[in-house]
Amino acid sequence: MAKILAKKFFNRPVLKVAPDLLGTYLVRKHGRKTERFLITEVEAYDGGGDMACHASKGMTPRTAIMFGQPGFFYVYFIYGMYWMLNLVVDKDGHPAAVLIRGTREVSGPGRLTRQLNITGSFNKKEIHPKTGLWLEKGEKLEDYKMERTPRIGVAYAGPIWSKKPYRFILVQR
DNA sequence: ACGATGATGAAC
DNA sequence: TTCATCATCGTA
C-alpha cells in the first residue's frame, strides 16, 4: 500500500517541500480509473516578499487560499485557457505554494491539468483521496538526478526574483 | 513569432 | 468600468 502524503509533509518551508515532491506520484481518480503520474518538474513560490508569487499582491480573493493551512490545492485560470495546479505549503499564515509543472507522462502545467481533467473545482480542496486528487510517496530513482534552474515565465518579477533557482527538475542521467 | 481567450487586480 | 497583464500552448 502506497504511502499517502499528508499535512505533515506539506507543513514545511516550500524550498524543502518542492525538491521532495520530485519522484512522488500525483494520483488522479476519476470514475473507476486511478492513474499515477511521476512528478518531474515543480516550482516554489515563497511568501509575500517573493515578487513572482501571487501572494506578493497581498491577500486577495484569489490568493487567500495560500495564506491558510498547508495541504490544500490552489488552482487558477491563466491565459484564458489553462488551469495551473499548485499545492499550498508551509505553516498557516505564511503564503507559499508549489506549482506542478510536469510529470514523466505529461510535460507542461497546462497540458497536465487538461489531461487529468483538473479545473477550478479543485481550488481550495484538500489534498486527499476523498477529493479524487492526491499525492503518494515514490520510489528510489537511481537513473535520475535533480537540477535547479530559474522559474519559467516570471520576468515580470524583476531581476532578483525572476532569477532565483526555484525550479526543480528531474533529468535522466 | 504570434494569436487564442478570459480572469485578475489596479487605476480611473 | 476600463485596461494591461498573465506561473501557457499550438501553429507557423
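Excluded from the calculations below are hydrogen atoms, water molecules and symmetry mates; all remaining heavy atoms, backbone and side chain alike, are included. Everything numeric here is computed off the predicted structure, so don't read it as measured data.
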Report task. Please answer whether the main-chain N or O of A/Ala44 pairs with a side-chain N or O of A/Arg151 as donor and acceptor at a distance below 3.5 Å. Result -> yes
If you restrict it to nitrogen or oxygen atoms, what contacts under 3.5 Å exist between nucleotides 9-12 of chain B and the protein, and what is each distance?
{"unit_1": "B/dG9", "atom_1": "OP1", "unit_2": "A/Thr60", "atom_2": "OG1", "d": "2.4"}

Query - Contact residues, residues 64-75 of chain A to DNA chain B [heavy atom, < 4.0 Å] - result: none
Report summary line: Output for pair (A/Glu147 CD, A/Leu22 CG), nearest 0.5 Å, gives 11.0 Å
Query raised in the report: Of all heavy-atom pairs between A/Arg36 and A/Glu105, which one has the smallest distance, and what is that distance?
Result: O-OE2, 3.8 Å
Report summary line: Under a side-chain separation threshold of 4.5 Å, the hydrophobic residues clustered together with A/Tyr45 are A/Ile65, A/Met66, A/Phe72, A/Tyr74, A/Tyr76, A/Ile78, A/Tyr79, A/Met81, A/Tyr82, A/Met84, A/Val88, A/Leu99, A/Val154, A/Tyr156
Query raised in the report: How long is the line joining CE of A/Met81 and P of B/dG6, in whole Å?
Result: 8 Å
Query raised in the report: Distance under 6.0 Å and angle within 45° of the ring axis: does A/Arg12 meet both against A/Phe10?
Result: no
Query - Sidechain N-carboxylate O distance under 4.0 Å for A/Lys16, A/Asp90 - result: no
Report task. Using a 4.0 Å heavy-atom cut-off across all strands, classify A/Ala52 as base, sugar-phosphate, or nothing. Result -> base
Tabulate below the donor-acceptor pairs under 3.5 Å that side-chain atoms of residues 163-172 of chain A make, not counting sequence neighbours, or state none.
{"unit_1": "A/Arg167", "atom_1": "NE", "unit_2": "A/Glu41", "atom_2": "OE2", "d": "2.9"}
{"unit_1": "A/Arg167", "atom_1": "NH1", "unit_2": "A/Thr149", "atom_2": "OG1", "d": "3.0"}
{"unit_1": "A/Arg167", "atom_1": "NH2", "unit_2": "A/Glu41", "atom_2": "OE2", "d": "3.0"}

Query - Strand DNA chain B in bracket notation, Watson-Crick/G-U under 3.5 Å with | for pairs to another chain - result: ||||.||||||.
Requested in this report: Not counting sequence neighbours, which residues clear salt bridge (charged side-chain N to carboxylate O under 4.0 Å, His left out) with A/Lys140? List them please.
Outcome: none
Report summary line: A/Lys8 meets the side chain to side chain contact (heavy atoms under 4.5 Å, CB included) criterion, sequence neighbours left out, with none
Query raised in the report: Can you list the steps and then say if A/Lys137 with A/Asp20 is a salt bridge (charged side-chain N to carboxylate O under 4.0 Å, His left out)?
Result: CA-CA 10 Å; A/Lys137 188 178 173 186; A/Asp20 283 356; over 6 Å; no
Query - Under 3.5 Å donor-acceptor, A/Arg101 side chain and A/Gly110 backbone - result: no
Query raised in the report: When you measure from the side chain of A/Thr113 to the backbone N and O of A/Trp83, does any donor-acceptor pair fall under 3.5 Å?
Result: yes
Requested in this report: Give the first and the last nucleotide of DNA chain C, reading 5' to 3', that has any atom under 4.0 Å from a heavy atom of chain A.
Outcome: C/dC6 to C/dG10
Query raised in the report: Any donor-acceptor pair under 3.5 Å linking the side chain of A/Ser162 with the backbone of A/Gly158?
Result: yes
Requested in this report: Apply side chain to side chain donor-acceptor pair (under 3.5 Å) to A/Glu35 and list each qualifying residue two or more places apart in sequence or on a separate chain.
Outcome: none
Query raised in the report: Between residues 82-112 of chain A and DNA chain B, which residues have a heavy-atom gap below 4.0 Å?
Result: none
Please tabulate, one pair per line, all N/O donor-acceptor pairs under 3.5 Å involving side-chain atoms of residues 114-125 of chain A, not counting sequence neighbours.
{"unit_1": "A/Thr119", "atom_1": "OG1", "unit_2": "A/Ser121", "atom_2": "N", "d": "3.3"}
{"unit_1": "A/Thr119", "atom_1": "OG1", "unit_2": "A/Ser121", "atom_2": "OG", "d": "3.3"}
{"unit_1": "A/Asn123", "atom_1": "OD1", "unit_2": "A/Val75", "atom_2": "N", "d": "3.0"}
{"unit_1": "A/Lys125", "atom_1": "NZ", "unit_2": "A/Ser121", "atom_2": "O", "d": "2.8"}

Report summary line: What residues 35-45 of chain A contributes to the DNA chain C interface at heavy-atom separation below 4.0 Å is A/Tyr45
**Report entry** Residue that, paired with A/Leu135, satisfies side chain to side chain contact (heavy atoms under 4.5 Å, CB included) out of A/Val27, A/Leu21, A/Ile4
**Finding:** A/Leu21
